There are 2 protein chains.
Amino acid sequence: LIEMQDIRREYHMGDQTVHALRGVEFSVERGESLSIVGPSGSGKSTLMNMLGCLDTPTSGAYRLNGVDVGSLSKNALAEFRNRQIGFIFQSFHLLPRFNVMENVGLPMLYAGVSAVKRKEAVEEAIRLVGLSDRAKHKPNELSGGQRQRVAIARALVNKPSILLADEPTGNLDQKVGWEIIHLFQRLNEEQGVTLIVVTHDMEVAKTTRRRIEIVDGLIRRDAVNERA
Amino acid sequence: LIEMQDIRREYHMGDQTVHALRGVEFSVERGESLSIVGPSGSGKSTLMNMLGCLDTPTSGAYRLNGVDVGSLSKNALAEFRNRQIGFIFQSFHLLPRFNVMENVGLPMLYAGVSAVKRKEAVEEAIRLVGLSDRAKHKPNELSGGQRQRVAIARALVNKPSILLADEPTGNLDQKVGWEIIHLFQRLNEEQGVTLIVVTHDMEVAKTTRRRIEIVDGLIRRDAVNERA
Ligand SMILES: Nc1ncnc2c1ncn2[C@@H]1O[C@H](COP(=O)(O)OP(=O)(O)OP(=O)(O)O)[C@@H](O)[C@H]1O
Ligand SMILES: Nc1ncnc2c1ncn2[C@@H]1O[C@H](COP(=O)(O)OP(=O)(O)OP(=O)(O)O)[C@@H](O)[C@H]1O
Ligand SMILES: [Mg+2]
Ligand SMILES: [Mg+2]
(Lines give C-alpha, C1' and ligand atoms only; values in the text may rest on other atoms or scores of the structure.)
(Ligands and ions follow the chains in the order given, each with its own letter.)
Protein backbone atom coordinates (compact mmCIF):
# COMPACT_ATOMS: atom_id res chain seq x y z
CA LEU A 1 0.00 0.00 0.00
CA ILE A 2 2.74 2.43 1.03
CA GLU A 3 6.28 2.47 -0.41
CA MET A 4 8.85 5.07 0.56
CA GLN A 5 12.19 5.10 -1.25
CA ASP A 6 15.14 7.24 -0.19
CA ILE A 7 12.88 9.99 1.13
CA ARG A 8 14.72 13.20 1.97
CA ARG A 9 13.39 16.49 3.30
CA GLU A 10 15.52 19.58 3.74
CA TYR A 11 14.65 23.02 5.06
CA HIS A 12 16.82 25.86 3.87
CA MET A 13 17.27 28.67 6.36
CA GLY A 14 19.60 31.36 5.13
CA ASP A 15 23.00 29.69 4.85
CA GLN A 16 22.02 26.70 6.98
CA THR A 17 20.17 23.55 5.99
CA VAL A 18 18.13 21.37 8.33
CA HIS A 19 18.07 17.76 7.12
CA ALA A 20 14.79 16.61 8.68
CA LEU A 21 14.69 13.30 6.73
CA ARG A 22 17.90 11.83 5.34
CA GLY A 23 16.91 8.88 3.19
CA VAL A 24 13.97 7.06 4.78
CA GLU A 25 12.92 3.73 3.25
CA PHE A 26 10.12 1.38 4.25
CA SER A 27 6.88 -0.13 3.03
CA VAL A 28 3.53 -0.81 4.68
CA GLU A 29 0.99 -3.45 3.68
CA ARG A 30 -2.74 -2.77 3.68
CA GLY A 31 -4.20 -3.42 7.12
CA GLU A 32 -0.92 -3.23 9.03
CA SER A 33 -0.58 -1.49 12.37
CA LEU A 34 2.68 0.23 13.18
CA SER A 35 4.00 2.79 15.63
CA ILE A 36 6.75 5.34 14.99
CA VAL A 37 8.92 6.37 17.93
CA GLY A 38 12.02 8.48 18.38
CA PRO A 39 13.45 11.57 20.08
CA SER A 40 11.85 14.99 19.87
CA GLY A 41 12.95 16.64 16.63
CA SER A 42 13.97 13.38 14.93
CA GLY A 43 11.63 13.72 11.92
CA LYS A 44 8.47 11.80 12.88
CA SER A 45 5.93 14.55 12.09
CA THR A 46 7.82 15.41 8.91
CA LEU A 47 7.47 11.77 7.85
CA MET A 48 3.78 11.73 8.77
CA ASN A 49 3.18 14.81 6.62
CA MET A 50 4.76 12.95 3.69
CA LEU A 51 2.62 9.89 4.34
CA GLY A 52 -0.51 12.05 4.55
CA CYS A 53 0.31 13.78 1.24
CA LEU A 54 0.53 17.14 3.00
CA ASP A 55 4.16 17.72 2.12
CA THR A 56 6.41 16.59 -0.73
CA PRO A 57 9.94 15.23 -0.28
CA THR A 58 13.00 17.16 -1.45
CA SER A 59 13.92 13.91 -3.22
CA GLY A 60 12.88 10.27 -3.18
CA ALA A 61 9.73 8.45 -4.16
CA TYR A 62 6.46 7.86 -2.34
CA ARG A 63 4.13 5.32 -3.92
CA LEU A 64 0.61 4.97 -2.54
CA ASN A 65 -1.55 2.16 -3.95
CA GLY A 66 1.05 1.76 -6.68
CA VAL A 67 0.71 5.38 -7.75
CA ASP A 68 3.64 7.81 -7.56
CA VAL A 69 2.21 10.52 -5.29
CA GLY A 70 4.59 13.13 -6.70
CA SER A 71 3.00 12.72 -10.14
CA LEU A 72 -0.60 13.36 -9.02
CA SER A 73 -2.34 16.63 -9.72
CA LYS A 74 -3.17 18.86 -6.77
CA ASN A 75 -6.86 17.98 -7.13
CA ALA A 76 -6.32 14.23 -7.34
CA LEU A 77 -4.10 14.43 -4.27
CA ALA A 78 -6.62 16.48 -2.30
CA GLU A 79 -9.40 14.06 -3.18
CA PHE A 80 -7.37 11.00 -2.21
CA ARG A 81 -6.41 12.64 1.08
CA ASN A 82 -9.99 13.55 1.84
CA ARG A 83 -11.47 10.13 1.08
CA GLN A 84 -8.76 7.69 2.12
CA ILE A 85 -6.68 9.30 4.83
CA GLY A 86 -7.63 10.34 8.36
CA PHE A 87 -4.96 12.60 9.89
CA ILE A 88 -4.70 13.50 13.57
CA PHE A 89 -2.26 16.41 13.85
CA GLN A 90 0.11 16.80 16.78
CA SER A 91 -1.14 20.39 17.13
CA PHE A 92 -4.77 19.56 16.24
CA HIS A 93 -5.34 22.34 13.65
CA LEU A 94 -8.99 22.96 14.57
CA LEU A 95 -10.82 25.90 13.02
CA PRO A 96 -11.26 28.43 15.85
CA ARG A 97 -14.50 29.99 14.59
CA PHE A 98 -16.37 26.70 14.24
CA ASN A 99 -17.78 24.49 16.96
CA VAL A 100 -17.07 20.80 17.60
CA MET A 101 -19.80 19.49 15.26
CA GLU A 102 -18.66 21.76 12.44
CA ASN A 103 -14.97 20.95 12.90
CA VAL A 104 -15.62 17.21 12.99
CA GLY A 105 -17.91 17.37 9.94
CA LEU A 106 -15.45 19.25 7.75
CA PRO A 107 -14.00 16.25 5.85
CA MET A 108 -17.52 15.13 4.95
CA LEU A 109 -18.46 18.63 3.82
CA TYR A 110 -15.47 18.56 1.44
CA ALA A 111 -16.52 15.10 0.26
CA GLY A 112 -19.94 16.47 -0.68
CA VAL A 113 -21.90 14.36 1.80
CA SER A 114 -25.47 15.46 2.58
CA ALA A 115 -26.19 17.43 5.76
CA VAL A 116 -28.38 14.62 7.12
CA LYS A 117 -25.69 11.96 6.69
CA ARG A 118 -23.04 14.34 8.05
CA LYS A 119 -25.00 15.01 11.23
CA GLU A 120 -25.43 11.31 11.89
CA ALA A 121 -21.77 10.45 11.31
CA VAL A 122 -20.54 13.45 13.30
CA GLU A 123 -22.73 12.62 16.28
CA GLU A 124 -21.41 9.05 16.25
CA ALA A 125 -17.76 10.16 16.01
CA ILE A 126 -18.25 12.68 18.83
CA ARG A 127 -19.89 10.00 20.96
CA LEU A 128 -16.96 7.61 20.39
CA VAL A 129 -14.50 10.15 21.85
CA GLY A 130 -16.77 11.11 24.75
CA LEU A 131 -17.63 14.66 23.68
CA SER A 132 -21.39 14.50 23.15
CA ASP A 133 -21.93 17.11 25.86
CA ARG A 134 -19.48 19.52 24.23
CA ALA A 135 -20.92 19.44 20.69
CA LYS A 136 -21.61 23.17 20.45
CA HIS A 137 -18.41 24.40 22.13
CA LYS A 138 -15.76 26.18 20.09
CA PRO A 139 -12.10 25.11 20.45
CA ASN A 140 -11.30 27.94 22.90
CA GLU A 141 -14.15 26.69 25.10
CA LEU A 142 -12.58 23.24 25.42
CA SER A 143 -9.80 21.71 27.50
CA GLY A 144 -6.57 20.57 25.82
CA GLY A 145 -7.59 16.93 25.87
CA GLN A 146 -11.05 17.77 24.54
CA ARG A 147 -9.47 19.59 21.57
CA GLN A 148 -7.30 16.57 20.94
CA ARG A 149 -10.39 14.39 20.89
CA VAL A 150 -12.11 16.70 18.39
CA ALA A 151 -9.08 16.22 16.11
CA ILE A 152 -9.43 12.45 16.56
CA ALA A 153 -13.16 12.44 15.81
CA ARG A 154 -12.60 14.55 12.69
CA ALA A 155 -10.01 12.05 11.39
CA LEU A 156 -12.44 9.15 11.78
CA VAL A 157 -15.66 10.63 10.44
CA ASN A 158 -15.05 9.85 6.73
CA LYS A 159 -14.23 6.21 7.60
CA PRO A 160 -10.73 6.45 6.10
CA SER A 161 -8.77 3.36 5.06
CA ILE A 162 -5.52 4.84 6.39
CA LEU A 163 -5.34 6.43 9.86
CA LEU A 164 -2.29 8.60 10.62
CA ALA A 165 -2.18 9.62 14.28
CA ASP A 166 0.60 12.00 15.35
CA GLU A 167 0.83 11.71 19.16
CA PRO A 168 -2.93 11.17 19.67
CA THR A 169 -2.85 10.73 23.46
CA GLY A 170 -0.39 13.40 24.61
CA ASN A 171 -3.09 15.47 26.32
CA LEU A 172 -5.30 12.66 27.56
CA ASP A 173 -5.59 10.94 30.92
CA GLN A 174 -4.93 7.21 31.16
CA LYS A 175 -8.57 6.11 30.93
CA VAL A 176 -9.57 8.23 27.93
CA GLY A 177 -6.19 7.67 26.25
CA TRP A 178 -6.62 3.90 26.36
CA GLU A 179 -10.19 4.13 25.10
CA ILE A 180 -8.80 5.94 22.05
CA ILE A 181 -6.00 3.41 21.50
CA HIS A 182 -8.44 0.51 21.82
CA LEU A 183 -10.75 2.23 19.34
CA PHE A 184 -7.82 2.41 16.88
CA GLN A 185 -7.05 -1.26 17.49
CA ARG A 186 -10.67 -2.20 16.72
CA LEU A 187 -10.64 -0.17 13.51
CA ASN A 188 -7.43 -1.95 12.49
CA GLU A 189 -8.40 -5.49 13.49
CA GLU A 190 -12.13 -5.46 12.62
CA GLN A 191 -12.22 -3.07 9.67
CA GLY A 192 -8.77 -3.47 8.20
CA VAL A 193 -7.86 0.19 8.63
CA THR A 194 -4.11 0.69 8.06
CA LEU A 195 -2.89 2.32 11.29
CA ILE A 196 0.25 4.41 11.78
CA VAL A 197 0.71 6.02 15.21
CA VAL A 198 3.52 8.35 16.26
CA THR A 199 3.85 8.24 20.02
CA HIS A 200 6.18 9.12 22.89
CA ASP A 201 4.28 6.74 25.17
CA MET A 202 6.11 3.41 25.20
CA GLU A 203 3.01 1.62 26.46
CA VAL A 204 1.07 2.83 23.43
CA ALA A 205 3.95 1.83 21.13
CA LYS A 206 3.63 -1.77 22.39
CA THR A 207 0.05 -2.07 21.09
CA THR A 208 0.99 -2.14 17.41
CA ARG A 209 2.31 -5.15 15.53
CA ARG A 210 5.39 -3.35 14.27
CA ARG A 211 7.57 -0.46 15.47
CA ILE A 212 9.81 1.91 13.51
CA GLU A 213 12.41 3.96 15.40
CA ILE A 214 13.53 7.22 13.84
CA VAL A 215 16.63 9.04 15.05
CA ASP A 216 18.03 12.15 13.40
CA GLY A 217 16.06 11.78 10.17
CA LEU A 218 16.88 8.11 9.58
CA ILE A 219 15.24 4.79 10.43
CA ARG A 220 17.33 3.26 13.20
CA ARG A 221 15.21 0.12 13.61
CA ASP A 222 12.16 -1.45 11.94
CA ALA A 223 10.91 -4.61 13.62
CA VAL A 224 7.93 -6.58 14.81
CA ASN A 225 6.93 -5.68 18.38
CA GLU A 226 7.76 -8.50 20.76
CA ARG A 227 4.69 -9.54 22.67
CA ALA A 228 4.89 -8.27 26.26
CA LEU B 1 2.16 31.19 50.07
CA ILE B 2 -0.99 30.12 48.22
CA GLU B 3 -4.48 29.89 49.77
CA MET B 4 -7.57 29.02 47.76
CA GLN B 5 -10.97 29.20 49.44
CA ASP B 6 -14.17 27.92 47.86
CA ILE B 7 -12.97 28.75 44.34
CA ARG B 8 -15.68 28.49 41.70
CA ARG B 9 -15.51 29.14 37.98
CA GLU B 10 -18.53 29.05 35.70
CA TYR B 11 -18.82 29.57 31.97
CA HIS B 12 -22.19 30.74 30.72
CA MET B 13 -23.10 29.52 27.24
CA GLY B 14 -26.54 30.59 26.19
CA ASP B 15 -28.94 28.84 28.55
CA GLN B 16 -26.32 26.36 29.78
CA THR B 17 -23.67 26.77 32.42
CA VAL B 18 -20.42 24.82 32.61
CA HIS B 19 -19.20 24.51 36.21
CA ALA B 20 -15.47 24.12 35.60
CA LEU B 21 -14.52 24.57 39.27
CA ARG B 22 -17.10 23.89 41.98
CA GLY B 23 -15.56 24.99 45.27
CA VAL B 24 -11.85 24.17 45.28
CA GLU B 25 -9.95 24.63 48.56
CA PHE B 26 -6.29 24.04 49.34
CA SER B 27 -3.12 25.81 50.40
CA VAL B 28 0.50 25.54 49.34
CA GLU B 29 3.58 26.43 51.40
CA ARG B 30 6.59 28.18 49.90
CA GLY B 31 8.99 25.64 48.41
CA GLU B 32 6.47 22.80 48.12
CA SER B 33 6.30 20.51 45.11
CA LEU B 34 2.93 19.17 44.09
CA SER B 35 1.34 17.53 41.07
CA ILE B 36 -2.27 17.90 39.92
CA VAL B 37 -3.88 14.95 38.17
CA GLY B 38 -7.35 14.10 36.95
CA PRO B 39 -9.44 13.26 33.89
CA SER B 40 -9.46 15.34 30.74
CA GLY B 41 -11.89 18.23 31.22
CA SER B 42 -11.90 18.03 35.03
CA GLY B 43 -10.72 21.62 35.64
CA LYS B 44 -6.93 21.38 35.99
CA SER B 45 -5.99 24.08 33.47
CA THR B 46 -8.77 26.30 34.76
CA LEU B 47 -7.27 25.97 38.25
CA MET B 48 -3.77 26.68 36.90
CA ASN B 49 -5.02 29.87 35.24
CA MET B 50 -6.39 30.99 38.62
CA LEU B 51 -3.09 30.18 40.34
CA GLY B 52 -1.17 32.05 37.65
CA CYS B 53 -3.41 35.12 38.03
CA LEU B 54 -4.51 34.83 34.41
CA ASP B 55 -8.17 34.32 35.26
CA THR B 56 -10.40 35.36 38.14
CA PRO B 57 -12.84 33.06 39.94
CA THR B 58 -16.61 33.51 39.66
CA SER B 59 -16.53 33.42 43.48
CA GLY B 60 -14.16 32.46 46.25
CA ALA B 61 -10.86 33.87 47.47
CA TYR B 62 -7.30 33.45 46.26
CA ARG B 63 -4.61 34.76 48.57
CA LEU B 64 -1.03 34.90 47.32
CA ASN B 65 1.67 35.91 49.83
CA GLY B 66 -1.15 36.98 52.15
CA VAL B 67 -2.56 39.37 49.55
CA ASP B 68 -6.07 38.93 48.16
CA VAL B 69 -5.37 38.61 44.44
CA GLY B 70 -8.86 39.80 43.53
CA SER B 71 -8.13 43.16 45.14
CA LEU B 72 -4.96 43.90 43.19
CA SER B 73 -4.90 46.42 40.35
CA LYS B 74 -4.33 45.10 36.85
CA ASN B 75 -0.84 46.59 36.85
CA ALA B 76 0.14 45.15 40.22
CA LEU B 77 -1.12 41.76 39.11
CA ALA B 78 0.75 41.89 35.81
CA GLU B 79 3.96 42.85 37.57
CA PHE B 80 3.64 40.09 40.16
CA ARG B 81 2.96 37.56 37.41
CA ASN B 82 5.93 38.71 35.39
CA ARG B 83 8.43 38.68 38.27
CA GLN B 84 7.29 35.80 40.46
CA ILE B 85 5.46 33.28 38.29
CA GLY B 86 6.74 31.12 35.46
CA PHE B 87 3.86 29.60 33.49
CA ILE B 88 4.17 26.74 31.00
CA PHE B 89 0.91 26.61 29.03
CA GLN B 90 -0.62 23.34 27.84
CA SER B 91 -0.86 24.88 24.36
CA PHE B 92 2.45 26.79 24.60
CA HIS B 93 1.18 30.22 23.39
CA LEU B 94 4.36 31.14 21.53
CA LEU B 95 4.42 34.28 19.37
CA PRO B 96 4.49 33.02 15.77
CA ARG B 97 6.41 35.96 14.28
CA PHE B 98 9.29 35.80 16.75
CA ASN B 99 12.10 33.26 16.91
CA VAL B 100 13.12 31.08 19.86
CA MET B 101 15.48 33.66 21.44
CA GLU B 102 12.86 36.39 21.19
CA ASN B 103 10.05 34.22 22.57
CA VAL B 104 12.14 33.01 25.49
CA GLY B 105 13.35 36.56 26.27
CA LEU B 106 9.89 38.10 26.38
CA PRO B 107 9.34 37.97 30.18
CA MET B 108 12.69 39.74 30.69
CA LEU B 109 11.83 42.35 28.09
CA TYR B 110 8.64 43.10 30.04
CA ALA B 111 10.67 43.25 33.25
CA GLY B 112 12.90 45.92 31.72
CA VAL B 113 16.07 43.83 31.80
CA SER B 114 18.98 45.04 29.61
CA ALA B 115 19.61 43.42 26.25
CA VAL B 116 23.00 42.11 27.38
CA LYS B 117 21.59 40.40 30.48
CA ARG B 118 18.62 39.06 28.48
CA LYS B 119 20.86 37.46 25.88
CA GLU B 120 22.90 35.70 28.53
CA ALA B 121 19.87 34.38 30.44
CA VAL B 122 18.09 33.35 27.25
CA GLU B 123 21.09 31.42 25.96
CA GLU B 124 21.34 29.59 29.28
CA ALA B 125 17.63 28.74 29.37
CA ILE B 126 17.72 27.50 25.77
CA ARG B 127 20.79 25.41 26.56
CA LEU B 128 19.03 23.80 29.55
CA VAL B 129 16.20 22.54 27.33
CA GLY B 130 18.52 21.37 24.53
CA LEU B 131 17.58 23.93 21.88
CA SER B 132 20.83 25.85 21.35
CA ASP B 133 20.94 24.76 17.71
CA ARG B 134 17.39 26.03 17.10
CA ALA B 135 17.82 29.54 18.53
CA LYS B 136 16.86 31.41 15.36
CA HIS B 137 13.96 29.19 14.30
CA LYS B 138 10.39 30.46 14.47
CA PRO B 139 7.70 28.29 16.08
CA ASN B 140 6.45 26.96 12.72
CA GLU B 141 10.01 25.82 11.99
CA LEU B 142 10.09 23.64 15.08
CA SER B 143 8.79 20.20 16.04
CA GLY B 144 5.99 19.87 18.61
CA GLY B 145 8.36 18.88 21.38
CA GLN B 146 10.75 21.72 20.49
CA ARG B 147 7.88 24.24 20.82
CA GLN B 148 7.02 22.77 24.19
CA ARG B 149 10.63 23.26 25.27
CA VAL B 150 10.59 26.90 24.13
CA ALA B 151 7.56 27.41 26.38
CA ILE B 152 9.50 25.76 29.23
CA ALA B 153 12.61 27.90 28.70
CA ARG B 154 10.49 31.06 28.61
CA ALA B 155 8.89 30.17 31.96
CA LEU B 156 12.31 29.75 33.59
CA VAL B 157 14.21 32.73 32.23
CA ASN B 158 13.08 35.29 34.86
CA LYS B 159 14.04 32.87 37.67
CA PRO B 160 10.49 32.80 39.07
CA SER B 161 9.75 31.75 42.64
CA ILE B 162 6.62 29.86 41.55
CA LEU B 163 6.68 27.48 38.56
CA LEU B 164 3.30 26.42 37.13
CA ALA B 165 3.69 23.69 34.50
CA ASP B 166 0.53 22.55 32.68
CA GLU B 167 1.39 19.17 31.11
CA PRO B 168 5.04 20.06 30.39
CA THR B 169 6.09 16.69 28.92
CA GLY B 170 3.11 15.73 26.72
CA ASN B 171 5.09 16.15 23.50
CA LEU B 172 8.49 14.97 24.68
CA ASP B 173 10.25 11.62 24.42
CA GLN B 174 11.24 9.79 27.59
CA LYS B 175 14.83 11.05 27.72
CA VAL B 176 14.12 14.74 27.17
CA GLY B 177 10.95 14.59 29.28
CA TRP B 178 12.88 13.26 32.28
CA GLU B 179 15.63 15.85 31.82
CA ILE B 180 12.92 18.50 32.15
CA ILE B 181 11.33 16.89 35.22
CA HIS B 182 14.74 16.54 36.89
CA LEU B 183 15.46 20.18 36.09
CA PHE B 184 12.21 21.12 37.87
CA GLN B 185 13.17 18.94 40.83
CA ARG B 186 16.54 20.70 41.11
CA LEU B 187 14.91 24.12 40.99
CA ASN B 188 12.55 23.02 43.76
CA GLU B 189 15.09 21.27 46.00
CA GLU B 190 18.14 23.50 45.46
CA GLN B 191 16.53 26.89 44.88
CA GLY B 192 13.28 26.57 46.81
CA VAL B 193 11.10 27.21 43.76
CA THR B 194 7.46 26.36 44.53
CA LEU B 195 6.53 23.77 41.90
CA ILE B 196 3.04 22.87 40.68
CA VAL B 197 2.82 20.41 37.78
CA VAL B 198 -0.34 19.26 35.99
CA THR B 199 0.34 15.95 34.34
CA HIS B 200 -1.36 12.94 32.76
CA ASP B 201 1.83 10.91 33.18
CA MET B 202 1.57 8.91 36.39
CA GLU B 203 5.35 8.44 36.51
CA VAL B 204 5.82 12.21 36.49
CA ALA B 205 3.12 12.59 39.18
CA LYS B 206 5.17 10.35 41.48
CA THR B 207 8.12 12.76 41.48
CA THR B 208 6.41 15.43 43.58
CA ARG B 209 6.01 15.35 47.35
CA ARG B 210 2.26 15.84 47.20
CA ARG B 211 -0.53 15.03 44.76
CA ILE B 212 -3.95 16.63 44.28
CA GLU B 213 -6.60 14.76 42.29
CA ILE B 214 -9.29 16.82 40.60
CA VAL B 215 -12.47 15.25 39.25
CA ASP B 216 -15.37 17.21 37.82
CA GLY B 217 -14.26 20.56 39.23
CA LEU B 218 -13.65 19.37 42.78
CA ILE B 219 -10.66 18.09 44.73
CA ARG B 220 -11.21 14.38 45.18
CA ARG B 221 -7.96 13.71 47.07
CA ASP B 222 -5.04 15.74 48.46
CA ALA B 223 -2.26 13.67 49.96
CA VAL B 224 1.46 13.15 50.28
CA ASN B 225 2.85 10.91 47.55
CA GLU B 226 3.83 7.52 48.93
CA ARG B 227 7.43 6.75 48.08
CA ALA B 228 7.57 4.13 45.31
N1 LIG C 1 -14.43 29.20 27.69
C2 LIG C 1 -15.11 28.09 28.08
N3 LIG C 1 -16.43 28.02 27.91
C4 LIG C 1 -17.10 26.91 28.28
N5 LIG C 1 -16.55 25.82 28.83
C6 LIG C 1 -15.23 25.83 29.02
C7 LIG C 1 -14.42 26.96 28.64
N8 LIG C 1 -13.13 26.66 28.93
C9 LIG C 1 -13.12 25.43 29.47
N10 LIG C 1 -14.38 24.93 29.53
C11 LIG C 1 -14.79 23.63 30.09
O12 LIG C 1 -14.32 23.58 31.43
C13 LIG C 1 -13.89 22.26 31.75
C14 LIG C 1 -12.51 22.30 32.38
O15 LIG C 1 -11.56 22.68 31.45
P16 LIG C 1 -10.00 22.54 31.77
O17 LIG C 1 -9.27 23.12 30.58
O18 LIG C 1 -9.71 23.15 33.08
O19 LIG C 1 -9.80 20.96 31.85
P20 LIG C 1 -8.47 20.11 32.10
O21 LIG C 1 -8.65 19.38 33.39
O22 LIG C 1 -7.27 20.99 31.97
O23 LIG C 1 -8.51 19.06 30.92
P24 LIG C 1 -7.32 18.41 30.01
O25 LIG C 1 -6.70 17.34 30.86
O26 LIG C 1 -8.09 17.86 28.85
O27 LIG C 1 -6.38 19.49 29.63
C28 LIG C 1 -13.91 21.44 30.45
O29 LIG C 1 -14.95 20.49 30.52
C30 LIG C 1 -14.14 22.46 29.36
O31 LIG C 1 -15.00 21.99 28.34
N1 LIG D 1 9.87 24.70 8.56
C2 LIG D 1 11.00 24.22 9.13
N3 LIG D 1 12.18 24.86 8.94
C4 LIG D 1 13.31 24.41 9.50
N5 LIG D 1 13.41 23.32 10.28
C6 LIG D 1 12.27 22.63 10.51
C7 LIG D 1 11.01 23.04 9.96
N8 LIG D 1 10.05 22.17 10.39
C9 LIG D 1 10.68 21.26 11.16
N10 LIG D 1 12.01 21.54 11.24
C11 LIG D 1 13.02 20.77 11.95
O12 LIG D 1 12.96 19.43 11.44
C13 LIG D 1 13.22 18.50 12.50
C14 LIG D 1 12.14 17.42 12.49
O15 LIG D 1 10.90 17.96 12.88
P16 LIG D 1 9.66 17.02 13.21
O17 LIG D 1 8.50 17.93 13.49
O18 LIG D 1 9.47 16.01 12.15
O19 LIG D 1 10.15 16.27 14.53
P20 LIG D 1 9.37 15.21 15.45
O21 LIG D 1 10.14 13.94 15.40
O22 LIG D 1 7.94 15.16 15.08
O23 LIG D 1 9.55 15.83 16.91
P24 LIG D 1 8.55 15.88 18.18
O25 LIG D 1 8.63 14.53 18.83
O26 LIG D 1 9.15 16.96 19.03
O27 LIG D 1 7.19 16.21 17.70
C28 LIG D 1 13.24 19.28 13.80
O29 LIG D 1 14.55 19.29 14.32
C30 LIG D 1 12.75 20.68 13.44
O31 LIG D 1 13.45 21.70 14.12
MG1 LIG E 1 6.19 15.72 16.04
MG1 LIG F 1 -5.72 21.10 30.62
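Nothing here was measured: the structure is a model prediction, and the numbers come from that model. Chain A is the first sequence line, chain B the second, and so forth, proteins listed ahead of strands; every chain is numbered from 1.
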message: Let me confirm one number: the CE-NZ distance from B:M13 to A:K138, rounded to the nearest 0.5 Å.
response: 7.5 Å
- line: Between the OG atom in A:S40 and the CG atom in B:L142, the distance rounded to the nearest 0.5 Å is 9.5 Å
- request: Write down the atom of B:M202, the atom of A:Q174, and the distance for their closest heavy-atom approach.
  value: CG-NE2, 3.8 Å
Tell me, yes or no, whether the heavy-atom count around [X] atom [atom1], taken from other residues, nucleotides or ligands under 6.0 Å, exceeds 12.
X      : atom1 : value
A:E124 : CD    : yes
B:E25  : CD    : yes
A:Y11  : OH    : yes

query: Checking heavy atoms, do the side chain of B:S91, its backbone, both or neither come under 4.5 Å from chain A?
result: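 For B:S91, side-chain heavy atoms alone lie under 4.5 Å from chain A.
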- prompt: With only heavy atoms counted, which part of B:E167 is less than 4.5 Å from chain A, the side chain, the backbone, both or neither?
  reply: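 Answer is side chain: those atoms of B:E167 sit under 4.5 Å from chain A.
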- request: Count the heavy-atom pairs under 4.5 Å between each of B:D166, B:V176, B:N171 and chain A, then report the option with the highest count.
  value: B:N171
query: Any idea which of B:S45, B:P39, B:G14, B:G38 has the most non-hydrogen atom pairs under 4.5 angstrom with chain A?
result: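 Greatest number of close heavy-atom pairs with chain A: B:P39.
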- prompt: So which of A:E141, A:K175, A:R149, A:Q148 has the biggest tally of heavy-atom pairs under 4.5 Å with chain B?
  reply: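 Greatest number of close heavy-atom pairs with chain B: A:R149.
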message: Contact between B:V18 and A:H137 at the side-chain level, heavy atoms closer than 4.5 Å - yes or no?
response: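 A side-chain contact exists here, since the closest heavy-atom pair is under 4.5 Å.
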